[in-house]
Amino acid sequence: MKIYNSLTRKKEDFTATNNSVNMYVCGVTTYDKPHIGHAMSYIIFDTFHRYLEYLGFTVNRVQNFTDIDDKIIDRANKDSLDSNQVSEKNIKAYFDVMDKLNIKRANHYPRATNEIKEIIGIISNLIEREYAYESGGSVYFSVKKFKDYGKLSHRNVDEMLEATRFDVDENKINFADFVLWKSAKPGEPFWDSPWGNGRPGWHIECSAMVLHHLGEQIDIHGGGQDLVFPHHENEIAQSEAALGVNSFARFWVHNGLVQMDGDKMSKSLGNVFDVEVALKKYTSDAIRLWVLQSHYRKPLNLDENHIISSEKSISRLRNAIDIESNQDKQPISSQTYIDKFIQSMNDDLGTPAAIATLFDLARAIFRGRDNKDNVIDLIKALKKYSKLLGFDLKPSKKNIQISEKDIEELIDLRNDARSNKLFEESDRLRDKLQSLGVQISDSPEGTTWERI
RNA sequence: GGCGACGUGGCCAAGUGGCUAAGGCGAAGGUCUGCAAAACCUUUAUUCGCGGGUUCGAAUCCCGCCGUCGCCUCCA
């Protein structure tokens, strides 16, 4: 398949030695619950992961938790907890939500605070190699020492240094230098180090984890586009400087960001959308369809009406897999649909076009049903490729306000009324069931119902 | 200011030189029904922000203009 590499700004053929893929995806900072933007990102990397496995690659995916940083400390102080409790709570919320979204778990979820030894090792190495310097109990990476600095975000260090800044850290030689080890202020959590008590800077943990869990070079490094600079740029600098290599990650894959009414969703704008809340209103499949129906590198505008549309769309696929086949005929072949699906996915994870073929399959299934054809292979393909994109197509579980027995009783009453042509009474009972969250439908075979 | 993305039917969204411009939602008509609902079927852009140009041929390439957004500070 071809995948867009942010490093080269081109779509490139993806290959891997021995068909074995090492994939690192940047995880969350655990100071709050996951929001819809996290859901988008991890749905995309989950889909990528699944598709690579479908193509025959063995994927080893590692995703970190940044479980110590300034915002976590702030949150802990605000909520009278310690930073570890804040992180634990939000890691639990993360798994809870992502499991519901049917996102496959990564192979490992390392936490920054469990990698302190490795982090200190890399920082020491960088100091020895004179890429980093200690100053005021903190350690900084000197961007001017690393000649490739800017190669991912396509920035020029000298131009950056000309720009003005207002919050210059006095300990830095150049303001563009970034912190590897941050000295602890009184009352802050800390770990012992050769430079005094402190905690790791934001970027260094990823370098340490990649090296520790995946090795010196990885095949894919992923995350949101907002991480390109400075986070990933700095990761490259640290890792390549420490290891003396120039190819820390072969492919850099970045997803577009969720926007709200044209603006980016972010804490500072106060327009975050909680995934837990979304999952109470919409099914996992609908949220996933909403995400994957637009290309992963494009921004995704959050408009709840669009998720509602997706909810209706997904039910079309759910209905199609329940169609009965006429076994007396030869099955209609699904091959052309499958070919189109694969072709779409092979072009930079083209999920929108791939999903279009799932709807084409659904239409072919319904038509086949009307023509009394054997659609067994079409249904098999629809199930298989929906699953590949992470859809489960199970009927949605809904709120229970009335027992099954009571529903059946009301339906019997209504059908008595109908057979006596007491339509006013039967419509009243139908409205009552509707208000209790039960949708009924009449057919020649009788009345059926479902919770809505 | 620097780097980048985008502008396709009522809405969302594929397509990036050449068959009838995917797919979804919505809408209209139909089948079904006591009427509905649900479901399914059919229809729904001579046209791709605007203006030039290249070409036998452009939504797709080039130039200009207008508009929207992201990153450059913590962020998936």
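Each chain gets a letter, A, B and so on, in the order its sequence line appears, and its residues count up from 1.
- If you check residues 41-48 of chain A against RNA chain B, the residues with a heavy atom closer than 4.0 Å are A/Ser41, A/Tyr42, listed by number.
- For the pair A/Gln225 CD and B/C72 P, the computed distance is 12 Å after rounding to whole Å.
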B/S/- contact track for nucleotides 25-35 of chain B, protein heavy atom under 4.0 Å: SS-------BB
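- When rounded to the nearest whole Å, the span between CD1 of A/Ile440 and P of B/A36 equals 15 Å.
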Where protein sits on nucleotides 8-21 of chain B, one letter per nucleotide: B base, S sugar-phosphate only, - none, heavy atoms under 4.0 Å: ---SSSS-------
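- One atom, CG of A/Asp322, and another, C1' of B/A38, lie 14 Å apart when rounded to the nearest Å.
- Between A/His35 and A/Phe273, the ring center distance fails the sub-6.0 Å criterion.
- Look at CZ on A/Phe366: it is 7 Å from C1' on B/C40, rounded to the nearest Å.
- Cation-pi geometry between A/Arg61 and A/Phe45 is not met: the NZ or CZ atom fails to fall both under 6.0 Å from the ring centre and inside 45° of the normal.
- Taking 4.0 Å as the cut-off between side-chain N and carboxylate O, A/Arg155 and A/Glu233 do not count as a salt-bridged pair.
- Straight-line distance from the OH atom of A/Tyr282 to the C1' atom of B/G24: 17 Å, rounded to whole Å.
- The six-membered or imidazole ring of A/Tyr4 lies away from that of A/Tyr296, with a centre-to-centre distance of 6.0 Å or more.
- Of the side-chain N and O atoms in A/Thr448, none sit less than 4.0 angstrom from OP1 or OP2 of B/A37.
- For the residue pair A/Glu88/A/Asn84, the side-chain donor-acceptor check at 3.5 Å is not satisfied.
- Side-chain nitrogen and oxygen atoms of A/Arg367 include none within less than 4.0 Å of the OP1 or OP2 phosphate oxygen of B/C40.
- Using a 4.0 Å heavy-atom cutoff across all strands shown, A/Gly27 reaches sugar-phosphate atoms only and no base atom.
- Using a 4.0 Å heavy-atom criterion, one finds that A/Asn255 contacts the bases of the nucleic acid, with or without backbone contacts as well.
- Rounding to whole angstrom units, CG of residue A/Leu257 and C1' of B/C6 are separated by 14 Å.
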